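Some notes on the structure that comes next.
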Number of protein chains: 2
Amino acid sequence: MFSLAEENYLKAIYHLEQEHNGEVSTNAIADRMDTKPSSVTDMVQKLAEKEVLSYKKYKGTLLTPSGRKIAANVIRKHRLWEVFLVEKLNFHWDEVHDIAEQLEHIQSEELVVRLDKFLGHPDFDPHGDPIPDKHGNVKRTEKKLLSECEKNQRGVCVGVKESSGEFLQYLDKRKISIGTKIKVLGKEFFDGSMIIQVGNDQFFISKKIAENLYVQTN
Amino acid sequence: MFSLAEENYLKAIYHLEQEHNGEVSTNAIADRMDTKPSSVTDMVQKLAEKEVLSYKKYKGTLLTPSGRKIAANVIRKHRLWEVFLVEKLNFHWDEVHDIAEQLEHIQSEELVVRLDKFLGHPDFDPHGDPIPDKHGNVKRTEKKLLSECEKNQRGVCVGVKESSGEFLQYLDKRKISIGTKIKVLGKEFFDGSMIIQVGNDQFFISKKIAENLYVQTN
DNA sequence: TAATATTTTTAGCTTAGTCTAAAAATAAGG
DNA sequence: CCTTATTTTTAGACTAAGCTAAAAATATTA
């Protein structure tokens with residue numbers, strides 16, 4: 001079993017590995033976790049003992065497959081709880097992170113299985129991030145900004161970049177939410193504005209909107 | 001803010017106060033918490049500093065009103081989560097304790113408010129124990145065994161003592177669950193058996209059944 | 001490539017919460 | 001009411017996880 005602190009280190013290293021794809025430096029971990037490099041060194045040595053990551057002095061660390069699986073499971077729980085908080089308890093997308101940060105450490109295999117079922121086996125959390133499956137595998141799909149899409153491309157809304165109340169209300173009014181299918185009907189060169197199709201409606205959106213909406217294209 | 005360990009001490013002391021109604025001894029706490037008396041002394045002195053309980057050497061402890069409120073809030077969360085686990089995730093009554101023991105420490109006022117609402121403001125947990133309100137007040141209702149009821153008394157089923165699969169199935173078959181109203185129509189002296197009314201049905205139950213069913217009489 | 005800057009590690013200290021062993025206070029029994 | 005038993009507290013040590021300050025390794029740059 002891994003302590004709360006250990007799980008948080010594994011999670012941070014997991015995310016840093018994706019971002020820089022490759023070894024993760026001591027300082028990068030300290031930064032991310034808002035702690036001191038010396039503390040990181042200690043913990044990383046302990047985790048290396050437990051064989052959830054490999055570590056060579058001054059060379060950075062890499063998760064082992066087992067470490068990666070543990071981290072992915074914590075992230076799975078975090079994201080499932082976020083779905084719960086938003087879908088069932090009607091929290092807003094931007095209010096749930098701190099609570100999920102606590103809930104992700106609850107230990108019970110069965111709880112995760114049942115929560116997942118209760119939520120209808122969601123693939124994405126309310127921010128559009130993919131939820132790893134029980135084996136720690138992530139559906140690596142291209143998540144990109146709507147503004148990066150070309151004419152005639154189709155995508156599914158999977159999240160937002162900004163999540164201010166105004167923006168969410170804007171989306172609400174146009175019936176855009178997680179899972180909404182969007183097609184780009186036209187795109188203007190000079191200002192980046194677009195005409196898109198949502199359901200049976202077609203409408204104009206500015207570049208600013210398109211730059212804050214994530215879509216998943218397949 | 002109180003640490004996980006502190007919250008657990010407050011909760012244990014709260015329960016012990018009810019049971020022995022009065023001061024709680026160091027050994028009693030150690031027993032309940034599965035720890036050593038010396039550890040209890042340390043913690044109790046720390047909590048006395050924080051003014052959540054009063055403590056005189058060798059004399060035992062008593063929660064202060066503020067300590068009692070904190071404890072009741074932890075218990076409130078524990079029981080709300082138990083309702084969630086049983087009602088929404090379909091766990092059995094006897095599987096939920098360990099998970100709720102973890103969930104009770106999640107810190108978020110708003111979460112509790114919303115969870116409570118989501119569950120329909122329940123008054124009792126799946127074991128029939130009352131859920132303290134947000135101010136820490138508990139509906140102090142007489143919870144007693146059905147076997148202790150007299151002829152013509154009415155009560156609402158609020159829990160079970162034993163919770164084996166067989167027993168739960170027995171209750172299920174007779175449509176008895178939390179909230180079910182029961183009236184004692186007759187009681188036999190020599191074997192403690194009863195005739196009871198449940199909805200429109202009347203039937204016979206043995207002493208053993210009556211001794212494992214908690215009812216709330218008003 | 002030598003000097004300087006940056007990163008990382010080590011050494012030693014701190015706090016929370018626990019433990020054991022021994023001392024002190026209280027309770028019980030003859 | 002004195003002796004013994006029980007309960008409680010104290011003293012000192014341990015572990016996990018963090019910190020600071022200094023030393024060591026690596027990177028950068030003139």
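Heavy-atom basis, side chains included; hydrogens, waters and symmetry copies ignored. Everything numeric here is computed off the predicted structure, so don't read it as measured data.
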OP1 or OP2 of C:dT7 sitting under 4.0 Å from any side-chain N/O of A:Ser25? no
Measure NZ/B:Lys57 against C1'/D:dT7 and give the value in whole Å, please. 15 Å
Can you confirm whether more than 12 heavy atoms, excluding those of A:His97, are under 6.0 Å from its NE2 atom? yes
Taken to the nearest whole Å, CD1/B:Ile29 to P/C:dT18 is 12 Å
Would you indicate what A:Ser39 reaches in the nucleic acid, counting non-hydrogen atoms under 4.0 angstrom: base, sugar-phosphate, or nothing? base
Hey, does B:Thr41 reach any base, or is it just sugar-phosphate, or nothing, if we go heavy atoms under 4.0 Å? base
Atom CG of B:Asn27 to atom P of C:dA25: distance rounded to whole Å? 18 Å
Measuring from the side chain of A:Thr35 (C-beta onward, heavy atoms only), which nucleotide among C:dT18, D:dG18, D:dT9 has the closest atom? D:dG18
For the side chain of A:Arg32 and the backbone of A:Ala12, is there at least one donor-acceptor N/O pair under 3.5 Å apart? no
Could you give the CG-to-C1' distance, from A:Asp42 to C:dA11, as a whole number of Å? 10 Å
Hey, is the side chain of A:Tyr55 poking within less than 4.0 Å of OP1 or OP2 on C:dT8, counting only N and O atoms? no
Between A:Asp133 and A:Arg76 (salt bridge meaning N to carboxylate O under 4.0 Å), is one present in this structure? no
Starting at CG of A:Asp31 and ending at P of C:dT8, how long is that distance when rounded to a whole Å? 10 Å
Whole-Å distance, A:Glu23 CD to C:dT8 P, equals 12 Å
Do A:Tyr214 and A:Phe124 pass the ring pair (Phe, Tyr, Trp, His ring centres under 6.0 Å) test, and can you show the C-alpha distance, the side-chain angles, and the key distance before you say yes or no? CA-CA 12 Å; A:Tyr214 282 114; A:Phe124 297 93; over 10 Å; no
Here the distance between atom P of C:dT15 and atom CE of B:Met1, to the nearest Å, is 21 Å
Looking at D:dT20, does its base get a donor-acceptor pair with the side chain of A:Ser38 below 3.5 Å? yes
Between P on C:dA16 and OH on B:Tyr9, what's the gap in Å once rounded to a whole number? 14 Å
Under a 4.0 Å threshold between the charged nitrogen and the carboxylate oxygen, would B:Glu7 count as salt-bridged to B:Lys11? no
With nearest nucleotides of DNA chain D determined for A:Met33 and A:Lys59 from heavy-atom distances, which residue corresponds to the more 5′ nucleotide? A:Met33
Of all the nucleotides listed (C:dC19, D:dT8, D:dG18), which has the minimum atom distance to the side chain of B:Lys36? C:dC19
